[in-house]
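Presented below is the structure to which this report refers.
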Amino acid sequence: MLNEPKAILDALESCNIKTDEDLLFTSSLALFQRCPPDSVTFSDLERIREQVLKATATEGISGLELLNDLVSKDENTSPPWASGHSELDSLLRTVKEGVVEVAGGKGSAKTTLVMNIVLAHLTSSESCNVHWIDTIGDFSAVRASQILNASTWAQNMPNAHNLINTALERLHVSLAFTAEVAHNILMSIRSTTQVMVFRPLPIFHVHRR
């Protein structure tokens, strides 16, 4: 944003927009309404948001590239996340950290897939915790319990009884119906998590259509 006119930067600062998070987690319309009259155009705000997003977003990588990368490495390494499906687990083994977007048509079991992965992870170790941010209010603790109790991978784990009993206690669910609330939740998680993370793990995002 260093090449932007000073008038635009001053207008954003007057709205208390000083960081990329402030800019990206505030809608363009809300920003436009907060800026002084005639200080910036709506198209300028959209263009600046796009520039900041490109500068801060992680570069995407295709699943095929990840799978090819896996083939060249040790395939016997246990994936940090597991679904119970061997081919999908082979792909998940390459995912160390970042954001994983799960997309598909309505009713294609996107949420069920992620729930199985999350519960498998929670039953892999009593020290594991997962934060689930529900953006439409459809999380079902009953459904999660049913999946957990019916799973073969959970029953076959060492110390399975204790892991299953505590798994749902270590699944922390938060409601977030706006981007601002989701951002606040993520900041809260960051502030309460230990600074040193020895095994960073990905964030799974279920894309709703």
Side-chain angles (χ1 to χ4, degrees), residues 63 66-67 69-70 73-179 181-194 196-209:
L66 290 173
L67 193 56
D69 182 58
L70 169 67
K73 296 180 180 180
D74 182 9
E75 296 189 1
N76 295 319
T77 303
S78 298
W81 296 87
S83 65
H85 189 286
S86 59
E87 292 183 1
L88 180 56
D89 287 345
S90 294
L91 181 59
L92 289 172
R93 188 178 290 112
T94 67
V95 181
K96 305 303 181 184
E97 56 183 312
V99 177
V100 179
E101 182 171 358
V102 181
K106 185 176 181 180
S108 58
K110 302 181 294 296
T111 301
T112 300
L113 169 62
V114 175
M115 179 61 70
N116 273 272
I117 294 173
V118 163
L119 293 175
H121 184 63
L122 287 169
T123 55
S124 68
S125 172
E126 288 184 284
S127 63
C128 295
N129 287 269
V130 171
H131 293 271
W132 182 288
I133 301 178
D134 183 359
T135 59
I136 62 174
D138 68 345
F139 177 84
S140 171
V142 173
R143 177 60 178 153
S145 179
Q146 291 172 341
I147 293 174
L148 189 60
N149 291 323
S151 62
T152 55
W153 38 260
Q155 304 297 337
N156 294 331
M157 293 290 295
N159 196 25
H161 180 72
N162 290 337
L163 290 171
I164 291 174
N165 285 343
T166 63
L168 293 181
E169 296 176 5
R170 292 178 281 111
L171 176 58
H172 310 285
V173 181
S174 303
L175 285 173
F177 297 126
T178 66
V181 174
H183 173 257
N184 291 336
I185 292 172
L186 291 173
M187 292 301 98
S188 175
I189 293 172
R190 176 185 293 180
S191 66
T192 57
T193 303
Q194 291 183 352
M196 294 188 65
V197 180
F198 295 98
R199 193 183 185 187
L201 294 172
I203 297 174
F204 283 86
H205 169 239
V206 179
H207 178 66
R208 307 282 184 179
R209 289 187 175 179

Contacts of N129 meeting side-chain hydrogen bond (donor to acceptor under 3.5 Å, both in side chains) (sequence neighbours excluded), chain-then-number -> H172
How long is the gap from CG on L113 to CD1 on I117, to the nearest 0.5 Å?
-> 4.0 Å
Can you name the nearest heavy-atom pair linking R170 to E126, along with the distance?
-> CD-O, 3.3 Å
Identify the two heavy atoms, one from L175 and one from G137, that lie closest to each other, and give their separation to 0.1 Å.
-> CD2-CA, 3.9 Å
Using modelled atom types only, decide if a donor and an acceptor are shared between the side chain of N184 and the backbone of S188 within a distance under 3.5 Å.
-> no
Shortest non-hydrogen contact from L171 toward W132 = CD1-CB, 4.0 Å
Closest heavy-atom contact between L119 and A144?
-> CD1-O, 3.4 Å
Are the side chain of T166 and the backbone of E169 linked by a donor-acceptor contact shorter than 3.5 Å?
-> no
Heavy-atom closest contact (M115 atom, I147 atom, distance) = CG-CD1, 3.7 Å
Side chains of V181 and I133 in contact at under 4.5 Å (non-hydrogen atoms) | no
Does S108 have any side chain to side chain contact (heavy atoms under 4.5 Å, CB included) partners at least two apart in sequence or in another chain, and if so, which?
-> K110
For S145, enumerate each residue passing the side-chain hydrogen bond (donor to acceptor under 3.5 Å, both in side chains) test, keeping only those at least two apart in sequence or located in another chain.
-> N149
Taking every heavy atom of A167 against every heavy atom of L122, the minimum-distance pair comes out as O-CD1, 3.5 Å
